[in-house]
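Each remark here refers to the structure printed beneath this line.
All heavy atoms count here, side chains included; hydrogens, waters and symmetry mates do not. All chains are named by letter (A, B, ...) in the order of the sequence lines, taking the proteins before the strands, and each is independently numbered beginning at 1.
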Number of protein chains: 2
Amino acid sequence: METTAWPASLPADLRAHLPEGLADGVFPAGCPSRTVLDHITSKWGVLILLALSEGEQRWSELRRRAEGISEKMLAQTLKTLERDGLVLRKAQAVIPPRVDYSLTERGYELSGLLVPLVTWAYNNADEILNGQR
Amino acid sequence: METTAWPASLPADLRAHLPEGLADGVFPAGCPSRTVLDHITSKWGVLILLALSEGEQRWSELRRRAEGISEKMLAQTLKTLERDGLVLRKAQAVIPPRVDYSLTERGYELSGLLVPLVTWAYNNADEILNGQR
DNA sequence: TAAGGTACTCACCTTTTGGTAAGTTATAGG
DNA sequence: CCTATAACTTACCAAAAGGTGAGTACCTTA
């Protein structure tokens with residue numbers, strides 16, 4: 001019996017490799033990385049991170065870009081990402097208020113990995129969804 | 001005022017780039033890529049895709065690897081991924097049943113993007129979660 | 001005086017997600 | 001004949017995620 005499921009046409013060394021702790025493709029149930037992964041792969045998390053990958057933006061700008069997000073969810077998502085040290089919040093004490101959001105260095109690092117994923121989803125979405133009877 | 005939020009130390013050409021349709025970092029609300037993204041970034045989707053990135057596996061093996069998953073969720077997640085053409089299901093008509101799951105070529109492509117993301121989450125999880133007062 | 005702009009929070013309710021436990025199938029082994 | 005096995009499905013319930021609409025603060029402009 002085969003021990004691998006890779007398409008024969010793909011050389012084995014094209015396989016991306018998991019780190020030691022995930023050697024057999026498992027996250028232990030209580031693993032902190034599951035929490036982090038949940039934050040960044042949350043419904044709106046990806047979208048906000050992506051929007052911010054284009055540069056610093058204000059609250060209202062983010063709202064517009066993440067089309068369909070509610071104010072509640074925007075606030076919640078930004079708070080989580082800020083706590084995680086991925087997003088930087090700069091508030092100015094002016095009236096009306098002005099708050100600028102941007103990616104931290106860590107957030108930038110992450111968005112570099114998210115962009116290819118999202119691009120892939122964007123490019124493959126139609127084929128994936130149409131190929132279903 | 002600054003038009004970019006990138007750390008000054010990072011040259012602009014290191015920025016990953018979004019495709020045309022996402023030029024301003026937005027998914028239109030009804031965009032099919034949002035659906036696809038929801039599937040693959042679902043709580044268990046990433047984990048299953050990741051487990052399968054190590055090769056063909058049986059139902060019970062997957063259950064063990066995605067620690068904490070319920071049978072219901074495993075079935076549901078696999079069904080979605082199969083419908084999306086990311087996972088291949090090979091059932092043998094024997095008793096007791098034997099079913100092998102593997103990644104399709106498309107699924108393999110995707111897992112190549114997921115692995116760096118998950119590796120990053122794994123490596124940064126402790127720092128992220130500890131840096132919170 | 002009144003309305004508008006910005007960045008929120010809050011309370012309430014609905015929808016979605018996920019877990020639990022039981023049932024199913026057909027055969028092989030004791 | 002009873003039990004175990006693998007890969008499920010189903011019904012029911014709890015929890016979490018998410019939406020809605022209102023409220024708030026303070027100043028500016030009409």
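Nearest to the side chain of B:Met73, among C:dA7, C:dC8, C:dG18, sits C:dG18. Across D:dC8, C:dA26, C:dT9, the shortest atom-to-atom separation from the side chain of A:Ala75 is found for C:dT9. Checked against C:dG18, D:dC8, D:dT9, the side chain of B:Lys43 finds its nearest nucleotide in C:dG18. Listed candidates were D:dT9, D:dC27, C:dG19. Nearest to the side chain of B:Trp44 is C:dG19. In this structure, of C:dG19, C:dA26, C:dC8, it is C:dC8 that holds the atom nearest to the side chain of A:Val99. In this structure, the nucleotide among D:dC8, D:dA7, C:dT6 sitting nearest to the side chain of A:Arg58 is C:dT6. Comparing C:dC8, D:dT5, D:dC8 against the side chain of B:Pro96 picks out D:dT5 as the nearest.
Regarding contacts with the backbone of D:dA7, a side-chain N or O of B:Ser60 is found under 4.0 angstrom from either OP1 or OP2. Remark: B:Tyr101 is not in phosphate contact with D:dA6, judged by side-chain N or O atoms under 4.0 Å from OP1 or OP2. The shortest distance between the side-chain N/O atoms of B:Arg98 and the OP1/OP2 oxygens of D:dA7 is not below 4.0 Å.
At whole-Å resolution of the value, CG in A:Leu62 and P in C:dC8 are 10 Å apart. At whole-Å resolution of the value, CD1 in B:Ile95 and P in D:dC8 are 12 Å apart. Here C:dG19 presents its P atom at 13 Å from CD of B:Glu67, a figure rounded to the nearest Å. Atom pair B:Leu78:CG and C:dG18:P shows a separation of 14 Å (rounding to whole Å applied). Nucleotide C:dG5 holds its P atom 17 Å from the CH2 atom of A:Trp59, rounded to whole Å. The nearest whole Å value for the distance from the CZ atom in B:Arg63 to the P atom in D:dT5 is 14 Å. Between B:Glu61 atom CD and D:dA7 atom C1' there is a gap of 15 Å when expressed in whole angstrom units. In this structure, B:Asp100 places its CG atom 10 Å from P of D:dC8, rounding to the nearest Å.
Base engagement by A:Ser70 is indicated by at least one non-hydrogen atom pair under 4.0 Å involving a base atom. In this structure, A:Lys72 reaches the bases: a heavy-atom distance under 4.0 Å links it to at least one base atom across the strands shown. Residue contacts shown for B:Arg89 are limited to sugar-phosphate atoms, with no base heavy atom under 4.0 Å away.
Rounding to the nearest 0.5 Å gives a distance of 7.0 Å between OG of B:Ser53 and CG of B:Leu103. Taken to the nearest 0.5 Å, the OG atom of A:Ser111 stands 9.0 Å off from the CG atom of A:Leu52.
In terms of heavy atoms, A:Trp44 sits closest to A:Ala66 at CZ3-O, 4.1 Å.
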Worked check of side chain to side chain contact (heavy atoms under 4.5 Å, CB included) between A:Val46 and A:Ile40: CA-CA 6 Å; A:Val46 184; A:Ile40 66 191; over 6 Å; no

Audit row: B:Val87, B:Thr104, side chain to side chain contact (heavy atoms under 4.5 Å, CB included) steps and yes/no: CA-CA 5 Å; B:Val87 161; B:Thr104 62; 5.7 Å; no

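In terms of position along DNA chain D, the nucleotide closest to A:Gln76 lies nearer the 5' end than the nucleotide closest to the other residue of the pair A:Gln76 and A:Pro97.
Under the 4.5 Å side-chain contact rule for hydrophobic residues, B:Leu110 and B:Leu88 do not share a cluster.
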